[in-house]
Trainee: 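My structure is below; once you've seen it, I'll send some questions.
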Amino acid sequence: MHSLGYRANALLTFAVTILALMCGMASLSDNFNSPSPSAQVQVLNINWFQKQPNANDEISMTLNISADLQSLFTWNTKQVFVFLAAEYETPKHSLNQISLWDGIIPSKEHAKFWIHTSNKYRFIDQGSNLRGKEYNLTIHWHVMPKTGTMFADKIVMPGFRLPEEYR
């Protein structure tokens, strides 16, 4: 009755429709997950704090970063991008963010970690605004699902202060 092409088209259309419905259900199932990640950052040492020749402040610090991000992983999670940022205010800008460290967590088994490191990226302020400045360290993460929309969140750790004098 029907040609081979017509039957193949009907089968392929049905298969793609079922696949789309399964992807939609997978994406919606992530809404029922309520993650409870935890993180802690310690500044062990300010290795140096100097004024560059172009009048910018630059800092190098040694950090202990520990986090348990296992609750972010579901069966729909492909990977999690995580980064540590220093956040502070200056008279010119209400929010300054400088990325100090980042990483990609490929699986739940790697989502609980402890790292002893110095800042991976340079902590530089364009100007002389950092002496004695209070700042927050913030762990940001972006969950990348296999299907569906990405979501991001953060944990803010306030109460850090830079030295009053250059070293």
Side-chain angles (χ1 to χ4, degrees), residues 26-27 30-167:
S27 179
D30 278 345
N31 293 333
F32 299 113
N33 182 33
S34 54
S36 56
S38 62
Q40 183 178 10
V41 178
Q42 294 176 316
V43 177
L44 299 178
N45 188 30
I46 303 289
N47 302 327
W48 43 268
F49 179 29
Q50 63 189 16
K51 186 180 202 90
Q52 295 179 324
N54 58 1
N56 294 337
D57 287 346
E58 182 176 6
I59 300 165
S60 172
M61 56 180 67
T62 304
L63 306 163
N64 275 347
I65 305 168
S66 62
D68 183 0
L69 305 177
Q70 291 179 329
S71 63
L72 296 174
F73 281 83
T74 65
W75 64 277
N76 189 32
T77 304
K78 181 177 182 181
Q79 63 188 11
V80 175
F81 174 71
V82 60
F83 69 97
L84 176 68
E87 299 177 343
Y88 60 95
E89 293 181 12
T90 59
K92 200 172 189 181
H93 301 286
S94 61
L95 177 62
N96 296 276
Q97 290 183 317
I98 299 176
S99 181
L100 301 177
W101 171 86
D102 66 9
I104 295 174
I105 303 170
S107 65
K108 188 173 186 174
E109 292 76 32
H110 297 100
K112 191 171 188 178
F113 58 90
W114 178 85
I115 297 170
H116 176 80
T117 186
S118 60
N119 46 310
K120 185 175 177 180
Y121 304 107
R122 296 171 63 169
F123 188 164
I124 297 176
D125 180 68
Q126 295 178 349
S128 300
N129 299 310
L130 293 181
R131 285 181 292 168
K133 179 67 69 181
E134 287 189 21
Y135 66 100
N136 299 331
L137 289 176
T138 305
I139 294 264
H140 297 260
W141 60 85
H142 297 262
V143 177
M144 299 170 192
K146 293 174 185 165
T147 182
T149 58
M150 288 189 350
F151 73 92
D153 206 353
K154 63 186 176 182
I155 296 175
V156 178
M157 292 158 277
F160 295 94
R161 181 179 282 283
L162 292 169
E164 294 286 340
E165 300 296 324
Y166 296 118
R167 301 182 196 180

Trainee: When you look at Phe83 and His142, which way does the side-chain contact (heavy atoms from CB on, under 4.5 Å) test go after all the steps?
Mentor: CA-CA 9 Å; Phe83 69 97; His142 297 262; 3.9 Å; yes

Trainee: Roughly how far, to the nearest 0.5 Å, is CD of Gln50 from OG of Ser60?
Mentor: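 So the gap between those two atoms works out to 9.0 Å.
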
Trainee: How would you list, by chain and number, every residue that makes a side-chain hydrogen bond (donor to acceptor under 3.5 Å, both in side chains) with Gln52, sequence neighbours excluded?
Mentor: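 Here the qualifying residues are Glu58.
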
Trainee: For the atom pair CZ (Phe73) and CD (Glu109), what is the distance rounded to the nearest 0.5 Å?
Mentor: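 The distance works out to 8.5 Å.
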
Trainee: Kindly say whether Lys51 contributes a backbone atom to a donor-acceptor pair with the side chain of Asp57 at under 3.5 angstrom?
Mentor: no

Trainee: Please find the pair of heavy atoms, one from Thr138 and one from His140, that lie closest to each other, and give the distance.
Mentor: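 Result for this residue pair: CG2-NE2, 3.3 Å.
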
Trainee: A side-chain contact here means heavy atoms from C-beta on lying under 4.5 Å apart; do Tyr135 and Val43 qualify?
Mentor: yes

Trainee: Which atom pair, heavy atoms only, marks the closest approach of Ser128 to Asp125?
Mentor: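 Closest approach of Ser128 to Asp125, heavy atoms only: N-OD2, 4.4 Å.
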
Trainee: Scan for salt bridge (charged side-chain N to carboxylate O under 4.0 Å, His left out) pairs involving residues 130-141, sequence neighbours excluded, and state none if there are none.
Mentor: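 Residue pairs passing salt bridge (charged side-chain N to carboxylate O under 4.0 Å, His left out), neighbours aside: Glu134-Arg161.
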
Trainee: Taking only residues two or more places apart in sequence or in another chain, which ones pass side-chain hydrogen bond (donor to acceptor under 3.5 Å, both in side chains) with Thr90?
Mentor: Asn96

Trainee: Just wondering, more than 12 heavy atoms not from Lys78 lying within 6.0 Å of its NZ?
Mentor: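 12 or below, so no.
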
Trainee: Where do Ile155 and Pro37 come nearest, in terms of heavy atoms and distance?
Mentor: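 Closest approach of Ile155 to Pro37, heavy atoms only: CD1-O, 3.7 Å.
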
Trainee: How far does OG of Ser38 sit from CG of Leu69, to the nearest 0.5 angstrom?
Mentor: 7.5 Å

Trainee: Are the side chains of Ile124 and Ile98 in contact, using a 4.5 Å heavy-atom criterion?
Mentor: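 Ile98 vs Ile124: side chains apart.
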
Trainee: Has the side chain of Asn136 got a donor or acceptor atom that lies under 3.5 Å from a matching backbone atom of Glu87?
Mentor: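 Side chain of Asn136 to backbone of Glu87: no pair is present.
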
Trainee: Are more than 12 heavy atoms from other residues, nucleotides or ligands located less than 6.0 Å from atom NZ of Lys112?
Mentor: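 Open: at most 12 neighbouring heavy atoms sit under 6.0 Å from NZ of Lys112.
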
Trainee: Given Phe81 and Asp102, is the side-chain contact (heavy atoms from CB on, under 4.5 Å) satisfied, shown in steps?
Mentor: CA-CA 8 Å; Phe81 174 71; Asp102 66 9; 4.0 Å; yes

Trainee: Would a 4.5 Å heavy-atom cut-off, applied to side chains only, mark Thr62 and His116 as touching?
Mentor: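 Yes, at least one pair of side-chain atoms sits under 4.5 Å.
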
Trainee: Got Trp141 and Leu72 here, is their nearest side-chain heavy-atom distance under 4.5 Å?
Mentor: yes

Trainee: Output, in order, the C-alpha distance, side-chain angles, deciding distance and verdict of side-chain contact (heavy atoms from CB on, under 4.5 Å) for Leu44 and Asn64.
Mentor: CA-CA 7 Å; Leu44 299 178; Asn64 275 347; 3.5 Å; yes

Trainee: So Leu100 and Leu137, do their side chains get closer than 4.5 Å, heavy atoms only?
Mentor: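 Leu137 reaches Leu100 side chain to side chain.
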
Trainee: Taking everything shown except His110 itself, do over 12 heavy atoms lie less than 6.0 Å from its NE2?
Mentor: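 Atom NE2 in His110 is not crowded, with 12 or fewer foreign heavy atoms closer than 6.0 Å.
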
Trainee: Please name the pair of heavy atoms, one in Thr74 and one in Thr77, separated by the smallest distance, quoted to 0.1 Å.
Mentor: N-OG1, 3.0 Å

Trainee: Keeping the roles fixed (side chain from Ser71, backbone from Ser36), state whether a donor-acceptor pair exists under 3.5 Å.
Mentor: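 Flag set: sc Ser71 to bb Ser36 pair under 3.5 Å.
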
Trainee: Please enumerate all residues that pass salt bridge (Lys or Arg N to Asp or Glu O under 4.0 Å) together with Glu89, with sequence neighbours excluded.
Mentor: none

Trainee: Measure the spacing between CG of Leu84 and CG of Leu63 and express it to the nearest 0.5 Å.
Mentor: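 So the gap between those two atoms works out to 6.5 Å.
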
Trainee: Does Leu130 reach the side chain of Tyr88, with side-chain heavy atoms less than 4.5 Å apart?
Mentor: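 Yes, side chains in contact.
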
Trainee: Would you please name every residue forming a side-chain hydrogen bond (donor to acceptor under 3.5 Å, both in side chains) with Ser99, sequence neighbours left out?
Mentor: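 Checked Ser99 against side-chain hydrogen bond (donor to acceptor under 3.5 Å, both in side chains); zero matches.
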
Trainee: To the nearest 0.5 Å, how far apart are OH in Tyr166 and CD1 in Ile46?
Mentor: 13.5 Å

Trainee: With a 4.5 Å cut-off on side-chain heavy atoms, are Ile65 and Ile139 touching?
Mentor: yes

Trainee: Are any of the side-chain heavy atoms of Lys92 and Gln126 separated by less than 4.5 Å?
Mentor: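 No; the side chains remain at least 4.5 Å from each other.
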
Trainee: If you compare all heavy atoms of Val156 against all heavy atoms of Pro158, which two are closest, and at what distance to 0.1 Å?
Mentor: O-CD, 3.5 Å

Trainee: Can you name the nearest heavy-atom pair linking Ser118 to Asn47, along with the distance?
Mentor: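 Nearest heavy atoms, Ser118 then Asn47: CB-ND2, 4.2 Å.
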
Trainee: For Asp153, enumerate each residue passing the side-chain hydrogen bond (donor to acceptor under 3.5 Å, both in side chains) test, keeping only those at least two apart in sequence or located in another chain.
Mentor: none

Trainee: I need the Asn119 CG to Trp101 CH2 distance, nearest 0.5 Å.
Mentor: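 Answer rounded to 0.5 Å: 13.0 Å.
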
